[in-house]
Structures are given as structure tokens and as C-alpha cells.
Amino acid sequence: VLAYIFKSGSGAFAGADAELVKNLCGGLAGAWQATAFWHTLFMALTVIVGAQGVERGLEKAVTAMVPALVGLLLVLLGYSAATGEFEMGVRFMFEPDWSKVDGGTVLAALGQAFFTLSIGMGCVMAYGAYLPQETSIPITSLAVVTADTSIAILSGLVIFPIVFANGLDPGSGPGLIFRTLPAAFVGMSGGAVFGALFFILLAFAAVTSIIAIIAPIVAYAEGKWGMTRRNGCIVFGTLAWAIGLATVLSFNLWADYTWSVPFLFKDKNFFDTLDFVTANLMLPLGGLFIAIFASWLMKESSTRDELNTHNIIYRVWYFLVKYITPIAVIIVFLNVIGIIEL
């Protein structure tokens, strides 16, 4: 994302067709020195912003930049509707094909829901600690889920019509954004400016995400070991940077190095392994343990006071979290490791 800020701003995509943009993306992933540089810069930004704290470093920036990102997405939506295969994109997103829905689909959806909502990794609890006492947790949760889903749908309506207009594969994964949006910016008036601005805002969104992940670790270190926020961000940011280097090398020098784990996966490189383990194993298990803790170990009076909602709503929530959620997550988890087949 950081590299694309400069590529877009310098006009590197000017006159480029979809194939050239794809090759530029692949060339960046293959150049481990360049990717390692951008990775290092990204983690440095994370440590600097994270050390300022959530309220001083993150909240003020989010208030201005996230609405700007949404506004830019709306501009791109207009462009996508006018120049892309908009009807095909809408059909691809919303026309159901139940023959493709199986246990793997449910697992992928669960993993995506956990990941995009930061469930099961401590982020929600870390941010929740900063909420004023009078804040309604149910209303806030509903707002978060609604906003997250709306942005996801908006992003899909922007990207997929451009994908089909340029003959790209809609199932080509996370790299799709780097192959479709540059093609859109090329055709826009002032595309270089819009492109650079978009990737600046996207980079900021990425930084806020990683800060949300590192915040619980730093908070634990502060309370358990008396570590300062600044030192915690440096220590754990450096650790994340080191792990990240291995993912950088997964796309070039280590691309041919794969391994298999019985009952789980086979022939995955480091990046694919990390992606599988975190999204399909760690997040669901984290969510499972949190649900068990909140419903079976915490006092019912404590959860009732915190939620502070209508008794019927609370009763429904309590029943779901205590009985339905653990069973559902366990079933999906057993499907992942091959014990049962959905």
C-alpha cells in the first residue's frame, strides 16, 4: 500500500492496461528488498502512532481520515458505475448460488467475520476499555457491524465492476485491489492525485488495524511487567516486524519452501500457513474462549450491568453466547481439523 502511494502519485500507472498493472504488482512482491523496506516503514509508523496512545494518537486521526476514505470510495463508486461492468459486478455479489455453499464456505465466512470485526484477538476488549461508562454496548456493537458490512459492500461494488471490465479473475485474492483500482485511477481525470490519496488513506486504515492488534499486548505488558507504552510498542512492534519479514520472503526467496501439518494443511509456505492458522484456528478459538469466559465464568450480574439493555434482549444474548456460540464454533473448528465434515 505504501509503495502504491508513490507509484500512483508519480504517474507510474499512466497509460497502463490491466496486464501491465498486474505485472507491476507481481514485480513488487518479487523484489524482497523493496518490500522489506516498505514493511519496515509501515511498522515504524505503527510504533510511532501506537506510542501516542489510543486517545491522543489514534482517535484524533481516525475522526478525520476514515470519513475521507469513505468519501473517496463513494467517488470511486460513481466511476465504477459509469465505466465498469456494474450490472455484472452486482450479480456476482448478490445473486445466490447455493450449490457452492458448503462447510468450507461457512468456515471462510466465519473466519472473515472474526477477522474483519477483530473478534477473538483482544482488540474489542482493548477498545472497549476506553468507552465512557454511559456508552451502550449493544448499540455500539450494532453500529460497528453495520458500518463494517456497509463498507465491505461498498468496496465490492467499487472493485468487482472494474474487475470484470478489465477481464480479471474476481477470485484472485487480496492482491485484487492492487490490480483493479490502479486501472480505475488511470481512466479518471486527476487519477494520479486520487490514486495517491486513496492509498494514503488505505495505509492509514492498515496502521489503525495493526495498532488495534498490538494494543492488548502492550496493555498486558504495562499491567503485568510495568513496561511503558512506548517501550511496549517498540518491543512488540519489533517482534511483529521480524515475523513480517518471513511473510515478505514467502513471495520471493522462500516461495518454494512449503510444509504440511497432518489433519490441517499441506504444501503451504510461511505466509499461507500464518494466514490459515490465525484466521481459521486462532481467531475461532479466541472467540470460543471469550464466549465461555463471559457466559460461564463471569457473574451474570456483571454482564447484565455492562450490557445495560432490556431483559428480553439480554436473555437472548446470554442464551446465544452460553450455548449456541460455543457449539457452533466447536463444530466449525472440528471441521477445520478434519474430525467432522460439514
Side-chain angles (χ1 to χ4, degrees), residues 1 46 49-50 53-81 86 89-90 92-94 108-162 174 176-177 180-181 194 197-216 278-279 283-284 286-287 290-291 294 306-310 313 316-317 320-321 325:
V1 173
T46 298
V49 177
V54 171
E55 292 174 314
R56 290 198 302 126
L58 189 59
E59 186 176 13
K60 292 181 180 178
V62 167
T63 303
M65 298 192 76
V66 170
L69 179 59
V70 175
L72 195 53
L73 278 174
L74 292 173
V75 173
L76 288 172
L77 177 63
Y79 176 83
S80 179
F86 197 72
V90 171
F92 176 77
M93 289 181 61
F94 298 109
L110 181 66
Q112 173 64 16
F114 271 70
F115 180 80
T116 190
L117 293 171
S118 301
I119 296 173
M121 62 175 80
C123 302
V124 174
M125 288 186 288
Y127 280 165
Y130 291 91
L131 288 176
Q133 185 64 35
E134 65 274 10
T135 300
S136 170
I137 293 178
I139 293 177
T140 301
S141 301
L142 180 62
V144 169
V145 172
T146 301
D148 181 85
T149 305
S150 300
I151 296 298
I153 293 174
L154 177 60
S155 300
L157 291 174
V158 168
I159 291 174
F160 287 118
I162 301 173
L176 202 60
I177 193 172
T180 57
L181 292 185
F194 276 111
L197 180 59
F198 175 83
F199 284 110
I200 287 173
L201 296 173
L202 187 62
F204 175 78
V207 169
T208 61
S209 296
I210 195 68
I211 289 174
I213 294 172
I214 203 172
T278 53
L283 289 184
I290 291 172
E306 286 298 325
L307 289 175
N308 191 25
T309 187
H310 194 280
I313 297 177
V316 171
W317 171 86
L320 290 174
V321 172
T325 298

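The two residues T325 and A291 make their nearest non-hydrogen contact at CG2-CB, 4.1 Å. When all heavy atoms are compared, the tightest approach of G50 to I211 is N-CD1, 3.8 Å. The shortest non-hydrogen separation linking V75 to F194 is CG1-CE2, 4.2 Å. Closest heavy-atom contact between G156 and M93: C-SD, 3.4 Å.
Checking each of I151, T146, I153 against T149 for a side chain to side chain contact (heavy atoms under 4.5 Å, CB included) leaves exactly one that passes, namely I153.
With values rounded to the nearest 0.5 angstrom, I137 atom CD1 is found 10.5 Å from T309 atom OG1. Rounded to the nearest 0.5 Å, atoms OG (S155) and CG (L77) are 10.0 Å apart. Rounding to the nearest 0.5 Å gives a distance of 11.0 Å between CG of L157 and CG of L74. In this structure, the separation between SG on C123 and CD1 on I214 is 11.0 Å, given to the nearest 0.5 Å. The CD1 atom of I159 sits 8.5 Å away from the CG atom of L73 when rounded to the nearest 0.5 Å. Remark: L76 CG to I162 CD1 distance equals 6.5 Å, nearest 0.5 Å.
Screening residues 197-207 for side chain to side chain donor-acceptor pair (under 3.5 Å) gives no qualifying pairs among residues at least two apart or on separate chains.
Looking only at side-chain heavy atoms (C-beta outward), L202 and I177 come within less than 4.5 Å of each other.
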_side-chain contact (heavy atoms from CB on, under 4.5 Å) for F204 and V49? Distances and angles first, verdict last._
CA-CA 10 Å; F204 175 78; V49 177; 5.7 Å; no
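T208 places a side-chain N or O within 3.5 Å of a backbone atom of A205 that can act as its donor or acceptor partner.
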N/O donor-acceptor pairs under 3.5 Å from side chains in residues 113-120, not counting sequence neighbours:
from, atom 1, to, atom 2, distance (Å)
T116, OG1, D148, OD1, 2.8
T116, OG1, D148, OD2, 3.3

